[in-house]
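Reading through the structure tokens given below for one structure.
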2 protein chains.
Amino acid sequence: MDRDARKAQLAEAVWQVILDQGVSAVSVRTVAERAGVVVGSLRHVFPTRSELVQFSAELMMERVTERLLATESRDDPREYAVAIIKNVLPLDPDRRAEYEVNLALLAERAAVPGLQQVGLDAHRRLAGLCARLVGMLTGEAGTPSAASLARRLHALIDGLAFHLFHQPVGSDVTWALDIVQGELTAIAGEAGSGGVSR
Amino acid sequence: MDRDARKAQLAEAVWQVILDQGVSAVSVRTVAERAGVVVGSLRHVFPTRSELVQFSAELMMERVTERLLATESRDDPREYAVAIIKNVLPLDPDRRAEYEVNLALLAERAAVPGLQQVGLDAHRRLAGLCARLVGMLTGEAGTPSAASLARRLHALIDGLAFHLFHQPVGSDVTWALDIVQGELTAIAGEAGSGGVSR
DNA sequence: CACATGCTAGCACGGGTGTGCTAGGCTCTT
DNA sequence: AAGAGCCTAGCACACCCGTGCTAGCATGTG
């Protein structure tokens with residue numbers, strides 16, 4: 001088996017263990033068993049537990065990035081923005097699980113130092129993405145007004161993600177998309193007015 | 001020593017361990033040592049680890065509630081709203097640590113079932129608080145429009161909290177308050193217009 | 001005074017943990 | 001055919017885990 005595929009398989013086993021038993025249950029033994037390999041094999045790829053956990057976080061971020069790059073650009077920048085945001089929010093069970101793993105790994109950053117950097121990177125990437133979306137919608141990028149709007153959009157997305165995470169799995173989520181739509185119209189409507197206070 | 005004080009002392013030791021070594025390091029032994037007592041004494045108060053962790057979460061929520069009830073109401077509802085929101089956001093190191101512990105405990109809810117309920121309660125209480133604030137600012141409570149504004153405010157607060165958590169400890173946070181101020185003016189200005197899409 | 005109750009301190013057990021190390025096998029190159 | 005390199009499988013060690021249990025000590029009550 002390809003080495004990268006093996007690493008991915010083990011990282012996915014880490015996610016499964018986190019979802020089933022919490023992050024405290026992530027050990028080389030539980031993860032190896034979940035992946036269907038013996039401990040020795042796992043340790044041949046990831047000599048220590050820290051490397052295993054850190055890679056599982058990095059792979060998760062990489063997967064999200066790929067997914068975002070794969071969303072083809074629409075003609076309408078607004079439709080594009082909605083498609084992107086839909087890819088970031090935990091709207092379906094898969095993405096909800098992804099978000100849950102993300103939170104758990106973030107909470108372990110005191111124990112695995114590398115996780116802090118991964119979390120920071122993810123946050124900065126999302127900030128950059130928001131800035132790009134605002135630039136598309138308003139036509140102006142880099143201005144103080146655009147930066148303020150981007151920060152606001154970013155905060156709203158993170159907050160909505162947190163809310164969706166607290167909802168039961170099958171419940172109605174249209175309200176979240178309504179809020180996103182409202183914010184996008186506000187951003188487009190405020191292009192050039194330069195108001196920090198909206 | 002008073003029994004409740006002892007329980008609080010142990011719960012605070014749990015928080016310290018989480019901040020220092022991550023939630024995976026929370027065990028009866030590490031917590032007892034951090035609190036300066038022997039394991040037997042801890043187990044006399046909390047017979048099992050789950051009870052210890054769950055109580056530490058409940059106490060944290062209780063402390064926040066007390067803090068919110070203690071903020072005296074201003075004449076201006078808007079000033080009051082700002083004061084309340086300042087008490088919820090992780091703006092200073094103490095509250096930041098509190099937020100970090102909150103996240104860590106939330107991530108352990110797969111391992112300690114009681115934590116799920118605590119997290120849900122906290123989320124609902126914050127939702128209720130936002131609804132009350134919107135009611136104060138717009139004068140109308142219970143209408144669909146007010147509910148929508150409250151949900152939006154709630155999402156924004158959670159998102160800002162997440163952002164502040166990602167900032168370095170001493171960095172500038174005025175932008176967060178600016179965003180809050182902007183949202184509050186928007187809420188007050190939109191009273192009665194009934195627009196779900198802002 | 002005696003006595004009961006609650007707290008402290010600690011031992012012991014079975015089990016899980018990370019990691020160092022070695023031996024066997026499989027595949028691929030020369 | 002022969003050897004080299006990687007991978008699998010597993011043993012072993014020292015340590016930490018939650019929890020059951022007991023013995024001593026303090027403090028308040030009759």
Point to revise | A:F46 ring center near A:F55 ring center (under 6.0 Å) | key: yes
Practice item. Grab the two heavy atoms, one from B:A131 and one from B:A150, that are nearest each other, plus how far apart they are. Key: CA-CB, 3.7 Å
Report all interatomic pairs (protein N or O, nucleotide N or O of nucleotides 13-17 of chain C) with separations under 3.5 Å.
| residue | atom | partner | partner atom | Å |
| --- | --- | --- | --- | --- |
| C:dT17 | OP1 | A:S27 | OG | 3.1 |

Review point. When you look at CD of A:Q16, are more than 12 heavy atoms from neighbouring residues, nucleotides or ligands closer to it than 6.0 Å?
Key: yes
Practice item. Would you kindly give the CZ-to-P distance between B:R6 and C:dG6, to the nearest whole Å? Key: 16 Å
Point to revise | Distance in angstrom units between B:R3 CZ and D:dT27 C1', rounded | key: 16 Å
Review point. At how many degrees, to 10°, do the end axes of the helix from C:dC1-D:dG30 to C:dT30-D:dA1 meet when each uses five pairs?
Key: 10°
Check your understanding: Is any NZ, NE, NH1 or NH2 atom of the basic residue among A:E100 and B:R109 found under 4.0 Å from an Asp or Glu carboxylate oxygen of the other?
Key -> yes
Exercise for review: Count the heavy atoms belonging to other residues, nucleotides or ligands that lie under 6.0 Å from CD of B:Q167, then report whether that count exceeds 12.
Suggested key: yes
**Study point:** Side-chain heavy atoms of A:L160 within contact of A:W175, under 4.5 Å
**Key:** yes
Point to revise | Under 3.5 Å: donor-acceptor pair, side chain of A:W15, backbone of A:E98 | key: no
Check your understanding: Contacts to DNA chain D from residues 33-43 of chain A, heavy-atom cutoff under 4.0 Å, which residues?
Key -> A:V38, A:G40, A:S41
Point to revise | Spacing of B:F46 atom CZ relative to C:dC7 atom C1', expressed in whole Å | key: 15 Å
Review point. Salt-bridged, A:E72 to A:R74, with N to O below 4.0 Å?
Key: yes
Review point. Could you state the NE2-C1' distance from B:H44 to D:dT27, rounded to the nearest angstrom?
Key: 14 Å
**Study point:** Rounded distance (Å) that lies between atom P of C:dG6 and atom CG of B:D2
**Key:** 15 Å
Review point. Checking A:H44 side chain against A:G40 main chain: does a donor-acceptor pair fall under 3.5 Å?
Key: no
Check your understanding: Is a salt bridge present between B:K7 and B:D4, judged by a nitrogen-to-oxygen distance below 4.0 Å?
Key -> no
**Study point:** For the student: nearest non-hydrogen atoms of B:A13 and B:A35, plus distance
**Key:** CB-CB, 3.8 Å
